[in-house]
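Below: one structure, written as C-alpha cells.
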There are 2 protein chains.
Amino acid sequence: MRRPDETDSEFLRTYDPDAYERPSVAVDVVLLSVRDGRMCTLLVRRKERPQAGRWALPGGFVGIQESLESAAQRVLRAKAAIEDNVFVEQLYTFGEPERDPRMRIISVAYVALVPFELQATAGSAEPDRSVSTVGIPWHGATGGAVELRDSDGRIMKTAFDHADIVGMAVKRIRGKLDYTPIGFQLLPETFTLRQLQRVHEVIQDQPVNKDSFRRRMLASGHLEATGERQRDVEHRPAELYRFIKRSAV
Amino acid sequence: MRRPDETDSEFLRTYDPDAYERPSVAVDVVLLSVRDGRMCTLLVRRKERPQAGRWALPGGFVGIQESLESAAQRVLRAKAAIEDNVFVEQLYTFGEPERDPRMRIISVAYVALVPFELQATAGSAEPDRSVSTVGIPWHGATGGAVELRDSDGRIMKTAFDHADIVGMAVKRIRGKLDYTPIGFQLLPETFTLRQLQRVHEVIQDQPVNKDSFRRRMLASGHLEATGERQRDVEHRPAELYRFIKRSAV
DNA sequence: GAAATAGTGTCTTTAAGACAGTATGTG
DNA sequence: CACATACTGTCTTAAAGACACTATTTC
C-alpha cells in the first residue's frame with residue numbers, strides 16, 4: 001500500500017472521484033490448447049442478452065479492489081475450473097466505445113495456455129453451461145479476427161469482438177514461440193520431443209525440420225531427460241523430457 | 001468483490017451498471033526518442049497533488065465515448081504538440097489496485113516513437129509546463145523499472161509506477177526491433193545506414209556488426225535509396241535512404 | 001521378420017562476422 | 001597530399017536443413 005504524505009492525504013479528502021463518468025472494466029480470457037493438430041480455445045454460450053446464443057470468451061468484471069491478473073485467475077477458476085499454476089499473460093486491452101452495446105466496457109484480455117486434457121475437463125465440467133472447444137482455422141497471416149468452428153466444422157457465431165481477441169492471442173503466442181520456451185505449457189508435465197515439435201508445427205502452421213528442432217531444443221538447456229520412456233505406443237517408445245527453468249546465465 | 005461461486009447467468013443478471021463501483025481508466029504515453037547515443041522520453045512535472053513535483057508520463061483520463069487510441073493521440077497533441085503521423089502502439093495495461101493513491105485508476109500505456117527533433121520541440125513547446133527529456137540508463141536485463149535522469153545525470157523522482165511503464169516500453173521496442181522495421185521511426189524521413197545502425201545499437205545497448213547490418217537492411221526490402229547524399233559532413237557523404245512499406249509478399 | 005518411429009553422424013547450404021581493399025568526399 | 005568515412009568483395013565460422021543410416025519397440 002502506497003503511503004501518501006500528509007499533504008497528499010489532505011488532498012485526497014477533497015478529491016471528487018465522481019467528476020467524470022467512468023467505463024466498466026472487464027477481463028476476458030483466451031484459454032488456448034492444442035488438440036489433434038489444431039489450436040482450440042474455450043468458449044461459453046451466452047444465455048443473456050445482448051447477443052444471447054452467441055459464443056463468448058470466459059470473462060467477468062474487475063472488482064474495485066481486485067488486480068487485473070487476479071480477476072483473470074478468478075475467471076479461470078470460476079468458468080474453467082482451472083487453478084493458478086498455468087501460464088497466464090496479459091494480451092491486449094480492447095476499448096472501442098461501441099464494442100459492447102450495453103455500455104462502455106473496456107476489456108483487458110489475457111491468454112492462458114493449458115494442456116488439452118485440462119481444457120477438456122474444463123469444457124465438460126458444467127454441462128449446463130454449454131462450454132465447448134473449437135479449432136482455429138489458420139489463414140497464414142497473423143492478427144485480425146479468426147473463424148471459430150465446433151468439432152463438426154460449423155462456424156460458431158461469436159459475441160462482440162471476441163473473434164479479434166482470439167486472433168490477437170494466436171498472433172502473440174506464435175510470436176513468442178521463437179524466442180521463449182512456452183510450447184511445453186501446452187503439454188503434460190513430461191512429453192517427448194516429437195510431441196513438442198507437433199505443438200510448434202500447429203502454432204506456426206508449418207512443418208518444422210525434425211533434426212534441427214531436436215538440436216535447438218536440447219541445446220537450449222530448458223529440457224531435462226527423465227530417463228522414463230513412452231508406454232503403450234505401437235513403435236519404439238521415445239524418451240520423456242521435462243521442462244526445467246533456465247539457470248542464471 | 002470476488003464471487004467465484006456465482007454462475008455466469010447470475011453474475012450477468014445481477015450486474016447493475018450502477019451497483020458496483022467502477023475504476024477510472026487513463027492512458028499514459030511513453031514518447032521515446034534516441035539522442036546522443038541514449039534513449040530518452042518525455043516527462044511532465046506534476047503540479048497537482050498527489051505526488052506534486054514528481055515527474056510523470058504525459059497522460060489523461062479516457063473519455064466515456066473516446067477510444068483508447070484516440071485518447072493516446074489526444075494526449076500527444078495536448079501535452080507534446082505531436083500530430084497523428086507518428087508510430088503509436090498499445091503497450092500494456094497497469095491495474096494494481098494501489099498504484100494511484102487517489103482512487104482505483106487503471107492505466108492503458110502506449111508507446112510512441114519520434115525523431116529526437118520532434119521531441120525536443122515538444123519539450124520546449126510550453127515551458128510553463130516544465131517538460132523535460134531524460135536518458136534511460138541501461139541495465140542489460142529487460143523489463144522492470146528503470147532509472148530516469150535529467151541532462152545533468154541527476155535521478156528524477158518519478159510518480160506512481162511510471163518508471164515500470166518506461167521499462168516495459170524499452171523492453172517492447174527492443175524486442176520488436178529484431179523482426180519489425182521500427183528503427184526508422186526514430187529518424188528523420190531520410191537517413192543514412194550508419195544513423196540507422198546507431199539507433200539499433202542504442203536500443204539494444206550493444207555494438208552491431210556494420211557489414212552484416214548493411215546486408216540485412218538492404219536485403220529486407222524496406223529501404224529505398226533516394227539518390228541524395230549527406231551534406232555538411234567532414235568526410236565522404238553517405239547515401240540517404242527512405243523507408244518504404246514492404247510490398248505484398 | 002515387417003513396420004514404424006526414435007535417435008545419430010555427416011554433408012550441404014545459408015547467414016552472420018571478420019577483414020582487406022577500393023572509392024570519394026573534406027581540409 | 002593526408003585523412004576520414006562510405007562502400008565492396010571474399011574468406012571464415014556457426015547454425016539450419018537434408019539425408020543416409022542405425023536402434024528399438026510392437027505386431
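Letters go in sequence order (proteins before strands), and every chain restarts at 1.
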Give a yes or no on whether A/Glu234 atom CD has more than 12 heavy-atom contacts from other residues, nucleotides or ligands under 6.0 Å away.
no
Expressed as a whole number of angstroms, how long is the span from A/Gln230:CD to D/dT24:P?
16 Å
CE/B/Met156 to CH2/B/Trp55 distance, rounded to the nearest 0.5 angstrom?
4.0 Å
Specify the residue among B/Arg215 and B/Arg229 whose closest nucleotide of DNA chain C lies further upstream toward the 5′ end.
B/Arg215
Give the rounded distance in Å between these two atoms: CZ of A/Phe213 and C1' of D/dA15.
16 Å
Distance in Å, A/Ser70 OG paired with B/Glu96 CD, rounded so as to fall on 0.5 Å steps
7.0 Å
Scan side-chain atoms only and decide if A/Thr226 and A/Thr190 contain a donor-acceptor pair under the 3.5 Å cut-off.
no
Could you grab the distance from atom CD of A/Gln204 to atom CG of A/Leu177, nearest 0.5 Å is fine?
5.0 Å
Value for CZ (A/Arg215) from CG (A/Asn209), rounded to nearest 0.5 Å, stands at 7.5 Å
Rounded to whole Å, the CG-C1' distance (A/Asn209 to D/dA18) equals 7 Å
Rounding to 0.5 Å, atoms CD1 (B/Ile106) and CD1 (A/Ile106) come to a distance of 8.5 Å
Calculate the interatomic distance between A/Glu239 atom CD and D/dT25 atom P; express it in whole Å.
12 Å
How long is the line joining NE2 of A/His200 and P of D/dG17, in whole Å?
13 Å
The reported gap from CZ in B/Phe184 to CD in B/Gln195 (rounded to nearest 0.5 angstrom) is 14.5 Å
Please tell me if B/Arg194 has a side-chain N or O lying less than 4.0 Å from either OP1 or OP2 of D/dA6.
yes
First and last nucleotide of DNA chain C in contact with chain B, 5' to 3', at under 4.0 Å to a heavy atom: what are they?
C/dA16 to C/dT26
What integer distance in Å separates A/Met217:CE from D/dA16:C1'?
13 Å
Looking at B/Arg214, does any N or O in its side chain come under 4.0 Å of the phosphate oxygens OP1/OP2 on D/dC7?
yes
Flag for A/Arg194-A/Gln197: side-chain donor and acceptor within less than 3.5 Å:
yes
Could you tell me the separation between the NE2 atom of B/His235 and the C1' atom of D/dC7, rounded to a whole number of Å?
13 Å
Where along residues 183-193 of chain B does a heavy atom come under 4.0 Å from DNA chain C, residue by residue in number order?
none
